*Asks:* 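Before I ask anything, let me first share the structure, which is written out below as C-alpha cells.
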Protein chains: 2
Amino acid sequence: MDDLTEMLKGTLEGCVLEIIGSEETYGYAITRRLNELGFADVVEGTVYTILLRLEKNGLVQATKRPSGQGPPRKFYSLNEAGREELATFWAKWEYITTRIDRLKEGGR
Amino acid sequence: MDDLTEMLKGTLEGCVLEIIGSEETYGYAITRRLNELGFADVVEGTVYTILLRLEKNGLVQATKRPSGQGPPRKFYSLNEAGREELATFWAKWEYITTRIDRLKEGGR
DNA sequence: TAGTGGTACTCGGTAGTACAAAGTACCAAA
DNA sequence: TTTGGTACTTTGTACTACCGAGTACCACTA
C-alpha cells in the first residue's frame, strides 16, 4: 500500500497509546508492532517523536531498564490521563468512521 | 464532538472528492454538506483550500456559473484523474480502517 | 581484534494539511 | 441603508509524520 502518511496523521498517536495501554513496552518494539500490523512504512523516528510528545503531555510514564541485548530500553505505561486520552481517541475514531462510511454509501 | 482536525487530515480531501464525484457542486454547498454529515466544525476556508489544491493537481474541472442568489458559483466535477484518485482514497481508507479495527480488538 | 549487523534512542529540519482570520463581493428583505 | 445570507480568495499559523544523521550498546565472526 503506497503512501499513507497523510491519512495516518492524528491516528498514529492513538495507535501508540493503544499499544502501550495493552502492555508496558518500548519504542523499538512499538515500531515493530506497527510494522507487523500493516503500517509497514512507519519508521522509528516517527514513533520516538510520538513517545516524546506523549511524555511531554503527561499521558505516559517512562522507566528506563537495561536490555541485555543492546542499549537500555525506555518502557512506557499509561497513566490516568493517558487512559482518558485513549478513550476519547476511540470515541473520535468511531465518530469519524461512521460518518465517512455513511458518506461512502451515498448516504445522508 | 470536540476537535477532530488532526484526525481529519488526509481524509477530508477524499470526502470532498466523493461529494464532487456524486454530483457536480460548488464550495459553499460542499461545506454545508460536510457540516450536515457531522463534520460540524469544517469551515469554508478549509474547503476552498482543498478545492484549489484539487484544481492545481488536475483532479477536477471547474466552471463558473451565475447564481441568482449571490455571487457566481464555481462548480466542480471530477475528471479521469480525479476518479482514479478517489478510488485509491477509498482503498487506503479500507486498508487503514481494517488495520486499526484489528488493533482495537487487541488483535494481531 | 576489527568489522558487521541487530538493537535502541535522540535531534534538527522539512513538507503537507486543516484552520483562523480577514477581506471582497453579490443580492434580497427589513 | 443596513443587515444577513450567499460565495470565493488569500495570508499566516499550528500540528503532525517523516527524513536523515548521529550516538551507543552488544553479540557474533572472519
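Order of the sequence lines fixes the chain letters, A, B, ..., with proteins taken first and strands second; residue numbering starts at 1 for each chain. Please read all numbers here as calculations on a predicted model, not as lab measurements. Side-chain atoms are counted along with the backbone in the values below, which use heavy atoms only and exclude waters and symmetry mates.
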*Asks:* What pairs of residues pass the side-chain hydrogen bond (donor to acceptor under 3.5 Å, both in side chains) test when at least one of them lies in residues 8-22 of chain B, not counting sequence neighbours?
*Replies:*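 Those involving residues 8-22 of chain B are B/E6-B/K9, B/E13-B/R53, B/E18-B/W90.
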*Asks:* Using the salt bridge (charged side-chain N to carboxylate O under 4.0 Å, His left out) rule, collect all pairs that involve residues 42-52 of chain A, keeping only residues at least two apart or in two chains.
*Replies:*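 Matches after skipping sequence neighbours: A/R32-A/E44.
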*Asks:* For B/I50, answer base if it contacts any base atom (sugar-phosphate contacts may also be present), sugar-phosphate if it contacts only those atoms, and nothing otherwise; contact means non-hydrogen atoms under 4.0 Å.
*Replies:*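 Counting heavy atoms under 4.0 Å across all strands, the contact made by B/I50 is with sugar-phosphate only.
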*Asks:* Please list residues of residues 4-21 of chain B whose heavy atoms come under 4.0 Å from any atom in DNA chain D, ordered by number; otherwise none.
*Replies:*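 Within residues 4-21 of chain B, the residues near DNA chain D are B/E6, B/K9.
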*Asks:* Taking only residues two or more places apart in sequence or in another chain, which ones pass salt bridge (charged side-chain N to carboxylate O under 4.0 Å, His left out) with A/E84?
*Replies:*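 Per chain and number, A/E84 pairs via salt bridge (charged side-chain N to carboxylate O under 4.0 Å, His left out) with no residue.
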*Asks:* Test of understanding: with ring-ring contact (aromatic ring centres under 6.0 Å, His included), list the residues that count as partners of A/Y26, not counting sequence neighbours.
*Replies:*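 In terms of ring-ring contact (aromatic ring centres under 6.0 Å, His included), with neighbours along the sequence ignored, A/Y26 is linked to A/F75.
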*Asks:* Let me know the distance between CG of B/D3 and P of C/dC19, rounded to the nearest Å.
*Replies:*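 Atom-to-atom, B/D3 to C/dC19, this comes out as 8 Å.
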*Asks:* I'd like to check the salt bridge (charged side-chain N to carboxylate O under 4.0 Å, His left out) partners of A/K92; sequence neighbours left out, ordered by chain and number.
*Replies:*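 Salt bridge (charged side-chain N to carboxylate O under 4.0 Å, His left out) check on A/K92 returns nothing, list empty.
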*Asks:* Who pairs with A/E23 by side chain to side chain contact (heavy atoms under 4.5 Å, CB included), at least two apart in sequence or on another chain?
*Replies:*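 Testing A/E23 for side chain to side chain contact (heavy atoms under 4.5 Å, CB included), a comparison that skips the adjacent residues, returns none.
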*Asks:* Scan nucleotides 9-14 of chain C against the protein and return all N/O pairs shorter than 3.5 Å with their distances rounded to 0.1 Å.
*Replies:*
unit_1: C/dC9; atom_1: OP1; unit_2: A/K74; atom_2: N; d: 2.6
unit_1: C/dC9; atom_1: OP2; unit_2: A/G27; atom_2: N; d: 3.4
unit_1: C/dC9; atom_1: OP2; unit_2: A/Y28; atom_2: N; d: 2.9
unit_1: C/dC9; atom_1: OP2; unit_2: A/Y48; atom_2: OH; d: 2.6
unit_1: C/dT10; atom_1: OP1; unit_2: A/K74; atom_2: NZ; d: 3.1

*Asks:* When you check the phosphate oxygens OP1 and OP2 of C/dA18, does a side-chain N or O of B/R53 lie under 4.0 Å from one of them?
*Replies:*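 Yes, B/R53 has a side-chain N/O under 4.0 Å of OP1/OP2 on C/dA18.
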*Asks:* Only counting residues at least two apart or in another chain, list the ones meeting ring-ring contact (aromatic ring centres under 6.0 Å, His included) with A/Y48.
*Replies:*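 Once residues adjacent in sequence are excluded, A/Y48 has no partner under the ring-ring contact (aromatic ring centres under 6.0 Å, His included) criterion.
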*Asks:* Rounded to whole angstroms, how far apart are CG on B/D41 and C1' on C/dC19?
*Replies:*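 Rounded to whole Å, this separation is 11 Å.
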*Asks:* If you walk 5' to 3' along DNA chain D, what is the first nucleotide with an atom under 4.0 Å of a heavy atom in chain A, and what is the last?
*Replies:*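 Answer, 5' to 3': D/dT16 to D/dC26.
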*Asks:* Do A/T88 and B/D2 have side-chain heavy atoms sitting under 4.5 Å apart?
*Replies:*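 Of all side-chain heavy-atom pairs linking B/D2 with A/T88, none is under 4.5 Å.
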*Asks:* With sequence neighbours excluded, what pairs up with A/F39 under the ring-ring contact (aromatic ring centres under 6.0 Å, His included) test?
*Replies:*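 ring-ring contact (aromatic ring centres under 6.0 Å, His included) list for A/F39, sorted by chain: empty.
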*Asks:* Considering only distance and modelled atom types, tabulate donor-acceptor pairs under 3.5 Å from the side chains of residues 55-66 of chain A, sequence neighbours left out.
*Replies:*
unit_1: A/E55; atom_1: OE1; unit_2: A/K74; atom_2: NZ; d: 3.4
unit_1: A/R65; atom_1: NH2; unit_2: A/E24; atom_2: OE1; d: 3.3
unit_1: A/R65; atom_1: NH2; unit_2: A/E24; atom_2: OE2; d: 3.3

